[in-house]
Amino acid sequence: MDIQKYFESAETMDLARDMLGHTFTYESNQGKFSGLIVETEAYLGPIDMASHSYNGRHTKANDPLYQAGGTIYIYSIHSWLDMDISIQKAGTPNGILIRGLQPLEGLDLMEKNRSKTGFDVSNGPAKWMAAFGIKDKALSGTFLNKNNFYFSAKKVQTPQEILTTPRIGVKNKEPWTSKNMRFIVKGNPYVSKLPKREMNLDTYGWL
DNA sequence: AGATGGATCGTCT
DNA sequence: GACGATCCATCTG
């Protein structure tokens, strides 16, 4: 799969939905980490009040959003780190935030890095970053599948059902606050802020 | 289970 | 100097 083409040839909202069930991998000095993507959010750039590139805002820190589809964008938030994949061709600063990963490889290290066990290891955008041992923005601006980060060409698992909801943490920005731009694998326990009663512990929401 | 407030720090104004 | 695309502990019921 041409990864750049994948992230440049479809609508951002459709890509955010399609990314569920693909794997995300990080080959770090500490070891190899990988997980299934179970939760994403779409950010539509200049028109989107919740986007870091709203109204054409362009700074040194958010420059990766302006680069080719498939560029990694790491940003800090309240002393934590989050990661986007830059979406669309260079110059169109859309992004998709990866909010939750179901661990596949490197779980022992992830638990160690987080000082937590269970779903809390990676059920949030800054939690999985910490679990993967990512402590700074050194790799922001690098390109997916060329350096340390890899996105699987195909879905490794298929969601039984995908739910959409408003994005987390977007306040006082109507109409963007209430738009359904968050995509989750229904029932997967690694989805952030998921109540216990909505967890499907048999299938984790996969076919 | 849901709501609330504090911690904490890089980034931009 | 103010502000988060967050997390966590600590309530309340």
Side-chain angles (χ1 to χ4, degrees), chain A residues 7 12-13 15-17 19-20 24 35 37-67 71-88 92-101 103 110-141 149 163-184 187-201:
Chain A
F7 287 117
T12 303
M13 291 280 277
L15 284 167
R17 174 186 295 272
M19 284 169 66
L20 301 177
F24 188 82
I37 297 172
V38 302
E39 176 180 4
T40 58
E41 283 179 0
Y43 287 85
L44 299 184
I47 59 169
D48 181 353
M49 291 171 72
S51 169
H52 287 178
S53 54
Y54 174 58
N55 206 22
R57 186 165 167 276
H58 189 171
T59 65
K60 186 170 183 177
N62 76 4
D63 183 69
L65 285 174
Y66 288 80
Q67 301 308 316
T71 303
I72 297 290
Y73 169 46
I74 300 173
Y75 62 92
S76 59
I77 173 75
H78 284 87
S79 77
W80 296 85
L81 295 168
D82 284 9
M83 180 189 291
D84 273 22
I85 309 292
S86 177
I87 305 298
Q88 305 306 337
T92 302
N94 287 15
I96 293 175
L97 170 64
I98 299 175
R99 288 194 54 92
L101 290 180
M110 291 171 71
E111 291 178 337
K112 196 173 165 190
N113 287 340
R114 282 276 297 146
S115 303
K116 303 257 182 191
T117 58
F119 307 135
D120 237 12
V121 162
S122 56
N123 63 350
K127 293 181 186 178
W128 76 258
M129 290 286 280
F132 276 31
I134 301 168
K135 298 188 179 67
D136 56 45
K137 299 172 48 183
L139 293 173
S140 187
F149 296 119
L163 297 183
T164 63
T165 79
R167 294 171 292 185
I168 304 295
V170 175
K171 288 166 287 196
N172 307 318
K173 289 178 177 164
E174 290 299 350
W176 300 94
T177 294
S178 55
K179 284 181 188 285
N180 288 336
M181 297 172 71
R182 172 174 177 249
F183 299 85
I184 68 179
N188 189 284
Y190 289 93
V191 168
S192 67
K193 300 178 174 2
L194 192 73
K196 236 178 188 170
R197 66 180 133 78
E198 293 179 27
M199 291 181 182
N200 182 336
L201 297 180

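These numbers come from the heavy atoms of this one structure, side chains and all, not from hydrogens, waters or symmetry mates. Convention: sequence-line order gives letters A, B, ...; per-chain numbering from 1.
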With respect to the side chain of A:S76, which nucleotide from C:dC8, B:dT11, B:dA1 is positioned closest?
B:dT11
Partner lookup for C:dC7, please. Criteria are Watson-Crick or G-U wobble with both distances under 3.5 angstrom; report none if nothing qualifies.
B:dG6
Indicate whether OP1 or OP2 belonging to C:dC8 is found under 4.0 Å from a side-chain N or O atom of A:K127.
yes
Contact nearer the 5' end of DNA chain C, comparing A:V170 with A:K116:
A:V170
Please check the phosphate of C:dT6 (OP1 and OP2 only) for any side-chain N or O of A:R99 closer than 4.0 Å.
yes
Are OP1 or OP2 of C:dG4 and a side-chain N or O of A:R167 less than 4.0 angstrom apart?
no
A:Y43-C:dA5 aromatic stacking (under 5.5 Å, under 30°):
yes
Look at the side chain of A:T40 and the backbone N and O of A:A16, then say whether any donor-acceptor pair between them is shorter than 3.5 Å.
yes
Any base atoms under 4.0 Å from A:K193, or only sugar-phosphate, or nothing? Heavy atoms, all strands.
nothing
Would you indicate what A:R182 reaches in the nucleic acid, counting non-hydrogen atoms under 4.0 angstrom: base, sugar-phosphate, or nothing?
nothing
Minimum-distance nucleotide to A:S51 side chain [options: B:dC12, C:dA5, C:dC7]
C:dA5
Which of A:V38, A:V191, A:I96, A:T164 passes side chain to side chain contact (heavy atoms under 4.5 Å, CB included) with A:F183? Answer is A:T164
If the cut-off is 4.0 Å, is A:H78 near the phosphate of B:dT8, judged by side-chain N/O to OP1 or OP2?
no
Are any of A:R114's side-chain N or O atoms less than 4.0 Å away from OP1 or OP2 of C:dC8?
yes
By nearest atom, which of the nucleotides B:dG2, C:dC7, C:dA5 is closest to the A:Y75 side chain?
C:dA5
Using a 4.0 Å heavy-atom cut-off across all strands, classify A:K171 as base, sugar-phosphate, or nothing.
nothing
Minimum-distance nucleotide (side-chain atoms of A:K173 versus C:dA5, B:dA1, C:dA9)
C:dA5
